[in-house]
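We use all heavy atoms of the structure for the numbers below, so side chains are in, but hydrogens, waters and symmetry mates are not. In the text below, chain A, chain B and the rest are named by the order of the sequence lines, each starting its count at 1.
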Amino acid sequence: MPSEEELYQEHVLDHYEDPFHRGTLESATHAHEDKNPLCGDVVRIELKLNDEGKIENLYFTGDGCVISQASASMLLEELYGKTVDDLKDFSAADMLTLYGPRLTPNRQKCCLLSWKVLQSAVHSPLAEGGES
Amino acid sequence: MPSEEELYQEHVLDHYEDPFHRGTLESATHAHEDKNPLCGDVVRIELKLNDEGKIENLYFTGDGCVISQASASMLLEELYGKTVDDLKDFSAADMLTLYGPRLTPNRQKCCLLSWKVLQSAVHSPLAEGGES
Amino acid sequence: MSAAKTVDQSALLPESLRDDFPILSRDILEGHPLVFLDNAASTQRPRQVIDAISNVYEHDYANVHRGIHTLSERSTELYELAREKVRAFVGAKHAREVIFTPGTTASINLVARSWGGANLQPGDEILTTVMEHHSNLVPWQQIAAETGAVLRHVPITEDGRLDMAAFDQLLSERTKLVAVCSISNTLGTINPIDEITSKAHAAGALVLVDAAQSVPHMPVDVLKSDVDFLAFSGHKMLGPSGVGILYGKESLLDAMPPFLGGGSMINEVRLDSFTPAELPAKFEAGTPPIAPAIGMSAAIDYLNHIGLEAIHRHEQVLTQLAYDALSQIEGLRILGPAPKHRAGLVSFAFERIHAHEFAQVLNDQFGVAVRAGHHCTQPLHALLGISASTRASFYFYNQPENVDCLLEGISAVQSMFAPQGRRRRRKHNS
Amino acid sequence: MSAAKTVDQSALLPESLRDDFPILSRDILEGHPLVFLDNAASTQRPRQVIDAISNVYEHDYANVHRGIHTLSERSTELYELAREKVRAFVGAKHAREVIFTPGTTASINLVARSWGGANLQPGDEILTTVMEHHSNLVPWQQIAAETGAVLRHVPITEDGRLDMAAFDQLLSERTKLVAVCSISNTLGTINPIDEITSKAHAAGALVLVDAAQSVPHMPVDVLKSDVDFLAFSGHKMLGPSGVGILYGKESLLDAMPPFLGGGSMINEVRLDSFTPAELPAKFEAGTPPIAPAIGMSAAIDYLNHIGLEAIHRHEQVLTQLAYDALSQIEGLRILGPAPKHRAGLVSFAFERIHAHEFAQVLNDQFGVAVRAGHHCTQPLHALLGISASTRASFYFYNQPENVDCLLEGISAVQSMFAPQGRRRRRKHNS
Ligand SMILES: Cc1ncc(COP(=O)(O)O)c(C=O)c1O
Ligand SMILES: Cc1ncc(COP(=O)(O)O)c(C=O)c1O
């Protein structure tokens with residue numbers, strides 16, 4: 001199997017072991033959590049949006065397979081400092097490209113979980129001092 | 001196809017065209033009617049049983065395919081003057097033998113309709129002046 | 001003269017198509033190759049479909065969905081590709097509007113129980129017709145009994161077409177659903193589905209089309225016809241036995257509660273409760289008919305390759321031929337309308353000779369397979385005053401010569417069972 | 001050392017059986033012949049079954065029942081012969097107690113809706129277990145919600161066996177039905193069905209056994225075990241997809257109302273009402289899965305030829321082998337009981353590595369097909385505190401070498417995903 005096809009390329013495992021912004025965000029204004037019920041992958045994303053729609057900061061927590069967690073790390077790294085409009089333009093296809101290795105339809109679901117959660121999170125404001 | 005295998009042997013068609021005791025029986029003590037819902041064959045048998053369990057007389061009416069009607073004629077001819085015990089001994093296999101040509105399972109149903117009706121008829125006394 | 005010689009050859013499909021069907025070249029009777037005219041009950045399969053089934057078992061089979069390993073990925077892909085093929089075949093918008101079921105009967109029951117159970121109130125009306133197959137009657141009787149809804153039946157005209165004047169009168173704001181066949185499997189009548197959906201929708205009713213007899217034989221377009229639910233079976237269109245389709249508009253299927261419960265149709269299960277999955281999984285409880293669905297997609301490829309228009313045209317020729325010849329036979333009553341209103345089948349009843357005799361002698365002496373009975377339309381037969389009929393139903397692999405065989409056989413039956421003053425040998429003096 | 005070398009060869013079935021299965025000799029990965037350990041999801045098919053399906057389509061196919069012509073007679077005969085084969089295979093008294101369904105899930109739904117709908121009252125209890133497949137949970141949740149009956153669940157012991165002390169306590173005169181799997185598809189646990197039926201019957205309850213995982217793997221005798229309903233699937237026992245079985249005691253099935261409505265299941269139909277057919281037709285609405293049923297009968301012939309005792313013995317060897325080796329791996333948790341209480345499958349969870357990684361790497365690098373996920377037992381997984389597990393499930397065509405492959409792959413996954421202090425390339429300074 002050619003190495004560029006490897007599902008678990010080095011950069012994937014790097015993100016898995018050394019994720020970008022895994023954790024919670026005290027100052028979060030928005031948050032969303034979802035799971036992939038078929039395999040139990042869970043991702044929660046908390047983020048801080050400013051009035052201009054800029055994603056000032058964002059963090060994720062979660063549990064699941066390498067693809068689901070590494071892809072969350074990559075996505076957050078990619079969108080860090082970007083705007084809600086940038087996120088809107090960031091398609092599922094873009095997410096798969098960002099991930100890198102080609103995925104079968106079943107594994108695409110793992111990879112797209114965090115992408116779906118983030119797309120929802122920007123529309124899920126946290127109630128003052130409350131939970132989303 | 002060998003003539004002894006023909007479903008419609010001469011004696012079958014003879015019974016169909018010139019049936020034994022097709023009609024009703026004024027003096028009937030027992031009667032039963034049933035149909036084969038899958039093909040619409042109907043047979044009604046009326047008969048007169050005496051106290052010793054002898055079938056003194058019996059008649060049939062009905063509508064349906066050659067096999068269902070010819071077999072009724074053959075059966076009645078065979079059991080005419082016999083007893084309820086003789087009838088009990090007269091099995092489904094006997095009926096198929098009496099008919100003659102070998103029948104596929106589906107057509108056996110046609111052939112056995114009158115046999116079933118007669119088996120029930122001897123247990124279906126007519127109410128005084130009434131109907132069964 | 002052979003009727004077959006008189007037809008418009010240009011409307012016919014090539015006889016060579018028969019070569020694709022292994023069973024059609026077998027002798028049923030010595031010297032009599034099979035003349036299969038029981039296609040409305042179930043069609044035969046081309047080599048392409050038989051091979052598709054073998055192939056999936058030999059190369060690509062595992063249970064679908066959720067599996068990460070290669071075979072499960074492959075069978076999932078083929079299974080979902082089959083869904084997409086069906087979508088395109090019936091002209092649906094989304095593949096998720098296509099539910100794989102065990103057959104037409106199961107599809108109709110699904111709608112009756114799920115949609116009907118959730119939506120029917122006492123006094124609501126379901127409008128069906130007197131020409132329906134038992135599979136489009138009994139499920140509505142069952143759900144009507146359960147919900148207190150009322151069943152009404154559109155009658156037919158003298159010549160065996162749907163009585164649309166009566167339909168107009170029966171349709172009312174009480175009508176919640178119209179359940180109607182696109183083609184009657186006994187009369188052959190082609191019903192005016194577009195007119196029915198537009199009138200029903202104007203009255204606020206949904207329309208379920210039992211398309212078991214039309215999808216295999218002529219083009220269908222659920223969007224153009226604005227059909228709400230469409231049900232049909234794989235085995236009547238060259239496909240494997242064990243698979244059928246329910247098409248439903250997304251918004252309707254989305255709003256319906258699940259029907260059968262089990263694996264696949266769930267999102268989350270706890271010991272005491274579950275949440276249903278999204279479409280189409282929501283209505284596909286348990287392991288689906290994987291290989292049958294994949295075989296059905298091969299059948300669709302085959303049919304598309306010939307073209308449904310061409311198939312319909314071919315069958316029209318055969319039907320006209322059979323109809324014209326049968327009309328000449330004294331004592332023979334053709335059920336249903338003139339050829340221009342009918343699809344590729346002809347049922348008939350004969351004054352004095354039972355349908356069984358036709359089916360038996362046609363089979364035993366001519367190698368012709370026709371069906372005898374009520375064809376699962378007992379109420380229609382009762383209405384017509386007969387208990388059984390003989391049905392010859394065509395597909396594109398039948399040729400005019402097959403119709404000749406049928407006609408020859410019918411003549412033979414007529415003379416064989418003509419009264420001849422026979423006398424049985426006397427056993428008794430009574 | 002290879003674990004495979006240590007086993008009792010005399011308990012094993014010959015490796016040559018693999019030659020009957022075309023798919024087993026295909027390379028999934030270049031140089032890696034398929035190691036198929038996903039048999040609990042669905043098995044593969046031998047040439048004999050694939051040929052049986054092709055054969056019926058090439059020689060004997062037409063719609064069954066009522067047809068007078070030769071092909072319909074033949075397919076009817078083969079279809080009913082298949083029913084008789086199933087009867088003998090499960091040790092039932094009468095062939096009419098054997099209902100062909102689309103699968104286990106459909107069989108259980110049939111009982112839940114027909115028997116449950118007619119017999120359950122508010123407050124009645126259905127006793128099931130925490131180890132059930134969704135297909136033996138959700139249908140009971142649905143009918144409980146509809147009838148006001150209450151669902152109770154037998155817990156499991158520490159080591160993953162049914163807690164029979166708790167069963168005794170939960171069973172009461174309120175219990176109307178016990179719905180239990182004979183073998184858990186996740187834990188592998190073999191449940192004491194004979195004990196369950198005798199206790200349930202003493203309490204006045206019926207027993208439905210979800211035998212999807214036992215019928216393919218060990219002898220079953222419904223009379224001896226006094227089972228009231230038994231459900232299983234063809235596709236898990238070498239048979240075609242699209243067919244399953246519901247066995248039910250005649251007196252129970254006779255007393256139950258029909259479930260789905262349509263062709264075949266009727267005796268007489270009028271426009272507004274119908275009378276149901278006799279068994280087994282009563283529960284087989286519509287065209288049944290004809291070719292799948294006939295293929296299933298070929299599967300039964302094949303299994304009988306090997307012998308179910310021998311199959312079970314063979315699988316015990318593999319299970320012991322896998323169990324012993326997996327027990328040695330630190331951080332790996334085997335779900336379910338010791339080998340002597342389990343059938344031929346082993347599921348496990350690993351502390352830090354998700355089941356997906358096992359399934360993916362085993363497939364991509366070792367050609368080993370296993371399943372990762374909740375195996376349609378979400379409540380059981382929740383109870384065990386995990387969201388997914390990896391399952392290797394055996395059949396008689398697996399050999400000890402296959403277990404070696406599995407173990408080798410598991411080691412590889414362990415080292416591949418061991419923390420290595422990797423650092424991602426920094427894009428941001430945050
Ligand atoms: C124990 C058990 N019950 C029920 C089922 C459902 O079987 P099917 O999907 O064939 O309906 C399965 C198979 O997944 C099973 O393992
Ligand atoms: C008009 C019509 N509806 C429904 C059916 C039932 O289809 P199936 O038996 O495949 O469920 C048939 C076929 O017999 C039919 O001709």
Side-chain angles (χ1 to χ4, degrees), chain C residues 22-23 26 28 38 41-42 45 50 53-54 57-59 61-63 66-71 102-103 105-106 109 134-135 137-139 141-142 151 153 235 240-242 260-263 266 269-274 285-287 289-292 356 359-360 363 369 371-373 376 378-379, chain D residues 22-23 26 28 38 41-42 45 50 53-54 57-59 61-63 66-71 102-103 105-106 109 134-135 137-139 141-142 151 153 235 240-242 260-263 266 269-274 285-287 289-292 356 359-360 363 369 371-373 376 378-379:
Chain C
I23 207 169
R26 314 252 175 238
I28 285 300
D38 192 20
S42 200
R45 278 106 195 123
I50 301 172
I53 302 168
S54 302
Y57 288 135
E58 288 176 19
H59 295 95
Y61 182 84
N63 210 329
R66 292 183 303 275
I68 282 177
H69 59 79
T70 304
L71 291 177
T105 303
N109 275 274
H134 295 161
S135 291
L137 272 184
V138 177
Q141 294 175 355
Q142 291 174 301
L151 220 58
H153 307 89
H235 70 91
S241 60
L260 301 185
I266 54 87
V269 179
R270 292 156 200 265
L271 283 174
D272 276 307
S273 65
F274 71 97
T287 301
I290 301 167
H356 278 183
Q360 191 77 57
N363 180 76
R371 201 138 279 238
C376 295
Q378 283 183 17
Chain D
I23 207 170
R26 314 253 175 236
I28 286 299
D38 191 20
S42 199
R45 277 110 196 118
I50 300 172
I53 302 169
S54 302
Y57 288 135
E58 287 175 20
H59 295 94
Y61 183 83
N63 211 331
R66 290 184 303 276
I68 282 177
H69 58 80
T70 305
L71 291 177
T105 304
N109 276 275
H134 296 162
S135 290
L137 272 183
V138 178
Q141 293 176 355
Q142 290 173 302
L151 220 58
H153 307 89
H235 70 91
S241 60
L260 302 185
I266 54 88
V269 180
R270 292 157 200 265
L271 282 175
D272 277 306
S273 65
F274 71 97
T287 301
I290 301 167
H356 278 184
Q360 191 77 57
N363 180 75
R371 201 138 279 238
C376 295
Q378 283 184 17

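- In this structure, chain D has heavy atoms under 4.5 Å from both the backbone and the side chain of Leu151(C).
- Legend: residues meeting side chain to side chain donor-acceptor pair (under 3.5 Å) with His69(C), ordered by chain and number and at least two apart, are Asp38(D).
- Looking at Arg26(C), the atoms closer than 4.5 Å to chain D (heavy atoms on both sides) all sit in the side chain, from C-beta outward.
- Residues Ile23(C) and Tyr61(D) come closest through the heavy atom pair CD1-N, 3.6 Å.
- Proximity to chain D (any heavy atom under 4.5 Å) is shown, for His59(C), by both the backbone and the side chain.
- Contacts with chain C were tallied for Ala62(D), Cys376(D), Pro292(D); Pro292(D) has the most, counting heavy-atom pairs under 4.5 Å.
- Nearest approach of Gly261(D) to Pro139(C), heavy atoms of both residues: O-CG, 3.4 Å.
- Among the candidates Gly242(D), Ala41(D), Pro240(D), the residue making the largest number of heavy-atom pairs closer than 4.5 Å to chain C is Ala41(D).
- Only the side chain of Ile266(C) comes within contact range of chain D, with heavy atoms under 4.5 Å apart.
- Heavy atoms closer than 4.5 Å to chain D are found in both the backbone and the side chain of Asn63(C).
- Your options are His153(C), His235(C), Gln360(C), and the one with the most heavy-atom pairs under 4.5 Å with chain D is His153(C).
- Counting heavy-atom pairs under 4.5 Å between each of Ser42(D), Ser241(D), Ala285(D) and chain C puts Ser241(D) at the top.
- Top candidate by heavy-atom pairs under 4.5 Å with chain C, chosen from Thr287(D), Leu71(D), Val269(D), Thr105(D), is Val269(D).
- The candidate with the highest count of non-hydrogen atom pairs below 4.5 Å against chain D, out of Ala372(C), Pro289(C), Ser135(C), Ala291(C), is Ser135(C).
- Contact annotation for Leu137(C): only side-chain heavy atoms (C-beta onward) come within less than 4.5 Å of a heavy atom of chain D.
- In terms of heavy-atom proximity, Gly262(D) sits nearest to Val138(C) at N-CB, 3.8 Å.
- Under a 3.5 Å cut-off, the side chain of Gln378(D) and the backbone N or O of Phe274(C) do not form any donor-acceptor pair.
- Put simply, the side chain of Glu58(D) never gets that close to the backbone of Pro22(C): no donor and acceptor are under 3.5 Å apart.
- Taking Gly103(C), Gly373(C), Gly67(C) one by one and counting their heavy-atom pairs under 4.5 Å with chain D, the maximum is reached by Gly67(C).
- When the candidates Leu271(C), Asp272(C), Ile68(C) are compared by the number of heavy-atom contacts under 4.5 Å with chain D, Leu271(C) comes out ahead.
- Chain D forms the most heavy-atom pairs under 4.5 Å with one residue out of Ile290(C), Ile53(C), Thr70(C), and that residue is Thr70(C).
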